[in-house]
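Notes follow once the structure below has been shown.
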There are 2 protein chains.
Amino acid sequence: MLHDPAQLDLMFQVLADPARRQMVDRLSRGPASVSQLAEPLAMSLSAVVQHLNLLEASGLVRTQKVGGVRTCQIEPKALRAAEHWINERRLSWERRLDRLGDFLAES
Amino acid sequence: MLHDPAQLDLMFQVLADPARRQMVDRLSRGPASVSQLAEPLAMSLSAVVQHLNLLEASGLVRTQKVGGVRTCQIEPKALRAAEHWINERRLSWERRLDRLGDFLAES
DNA sequence: GAAATAGTTAAGCGGATGATTCAGTATTGC
DNA sequence: GCAATACTGAATCATCCGCTTAACTATTTC
């Protein structure tokens, strides 16, 4: 399920927004409530919730509501999937360069 | 220069589009001309050039024109920067979880 | 040098995106 | 129970994006 292309699509789309990356950054340092997430951001709480919903839909963040407080945390597996996509492409290219180097060295 | 936030911003934005990721994917298997890049994509050549210009502006792809042919290749350093951003956040979170586990084990 | 190939640029259009406001719902603390 | 806190949802709006078409330039081939 982690390599579902649609999910990957969503994840990169979600990471493309600076505010959402800032939220991920904040969460990488520990769980936070919606208000805590919103605090450093120059936008309405409502806007933050909309971003948060996207983050959750993409699987990058998990949230749970206890009482009146919604607590958010990172889902590292999802981050790993995005990381993996990039890594694969980079390695593929670098292996190609290596083979090319070998070929040139032999000639 | 690789960790310039504006550049990182551009890179994630560029990776967010499926067509552009497909182009990166194609290039990870070797250099290609604009027409070759366009061939599997269901859009006009013009649209491909526009995507390509973004890819180049973000630093993810380098191109050089020889005669009438523009040849494109991946810039692995840039890919590494995006990879690195994700990796840092994921690790930060996972280290936190480890410390928490240690704490619970001790109690 | 004419035709074909390869790419570029500009204008414009429709739909997605990110934000705001405002009104509404729980839940907590006094 | 009432006020304050902590969100949530809907409507709206301006802007941005990705695409198309069309006109154009540069290069190669015959």
Side-chain angles (χ1 to χ4, degrees), chain A residues 5-27 30-75 82, chain B residues 5-27 30-75 82:
Chain A
Q7 195 74 359
L8 202 63
D9 232 69
L10 233 181
M11 241 169 2
F12 275 109
Q13 214 168 294
V14 158
L15 286 175
D17 186 89
R20 288 190 293 259
R21 279 211 311 288
Q22 204 178 326
M23 290 167 78
V24 169
D25 189 46
R26 164 64 187 82
L27 289 176
S33 70
V34 176
S35 317
Q36 286 172 330
L37 270 184
E39 194 263 322
L41 297 171
M43 67 179 72
S44 72
L45 191 64
S46 183
V48 172
V49 171
Q50 290 175 61
H51 282 305
L52 182 54
N53 289 340
L54 284 181
L55 280 163
E56 191 165 25
S58 76
L60 284 165
V61 165
R62 223 157 15 102
T63 78
Q64 63 198 86
K65 197 155 184 174
V66 176
V69 179
R70 181 170 170 198
T71 304
C72 314
Q73 49 182 260
I74 280 191
E75 185 54 73
Chain B
Q7 195 75 359
L8 202 62
D9 232 70
L10 234 181
M11 241 169 0
F12 275 109
Q13 216 167 289
V14 158
L15 285 175
D17 185 89
R20 288 192 292 260
R21 279 210 312 287
Q22 206 178 324
M23 290 168 77
V24 168
D25 191 45
R26 165 63 186 81
L27 289 176
S33 70
V34 176
S35 315
Q36 286 173 332
L37 270 184
E39 193 264 321
L41 298 171
M43 67 181 72
S44 72
L45 191 64
S46 179
V48 172
V49 170
Q50 289 173 59
H51 283 305
L52 183 54
N53 289 340
L54 284 180
L55 281 163
E56 192 166 26
S58 76
L60 284 165
V61 164
R62 222 156 15 101
T63 76
Q64 62 197 76
K65 197 155 184 175
V66 176
V69 179
R70 182 170 169 196
T71 304
C72 314
Q73 50 183 262
I74 280 192
E75 184 55 71

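Worth saying up front: this structure is predicted, and the values here are computed from it rather than measured. Computation of the quantities below employed the complete heavy-atom set of this structure, encompassing side-chain atoms and omitting hydrogens, waters and symmetry-equivalent molecules. Below, chains carry the letters A, B, ... as their sequence lines are ordered, and counting in each starts from 1.
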Give the rounded distance in Å between these two atoms: [atom1] of [X] and [atom2] of [N].
X      : N       : atom1 : atom2 : answer
D9(A)  : dA16(C) : CG    : P     : 14 Å
L41(A) : dT20(C) : CG    : C1'   : 15 Å
E56(A) : dG9(D)  : CD    : C1'   : 16 Å
E39(A) : dT5(D)  : CD    : P     : 16 Å

- Message: Heavy atoms within less than 4.0 Å of DNA chain D: which residues of residues 58-65 of chain A have one? Give them sorted by number.
- Response: K65(A)

Distance-only, no hydrogens or angles: does the [X] side chain make a donor-acceptor pair with backbone N or O of [Y] under 3.5 Å?
X      : Y      : value
Q7(A)  : S58(A) : yes
R20(A) : H51(A) : no
R26(A) : L37(A) : no

- Item | Polar contact flag, side-chain donor to acceptor under 3.5 angstrom, T63(A)-E56(A) | yes

- Task: Please state whether the phosphate of dA26(C), meaning OP1 or OP2, lies under 4.0 angstrom from any side-chain nitrogen or oxygen of R70(A).
- Result: no

- If a protein heavy atom is under 4.0 Å from the base, mark B; if only from the sugar-phosphate, S; if neither, -; do that for nucleotides 11-24 of chain D going 5' to 3'. ------SSBBB---

Student check: side-chain heavy atoms of [X] and [Y] closer than 4.5 Å:
X      : Y      : result
Q73(B) : V61(B) : no
M23(A) : V48(A) : yes
P40(B) : Q22(B) : yes
M11(A) : V14(A) : no

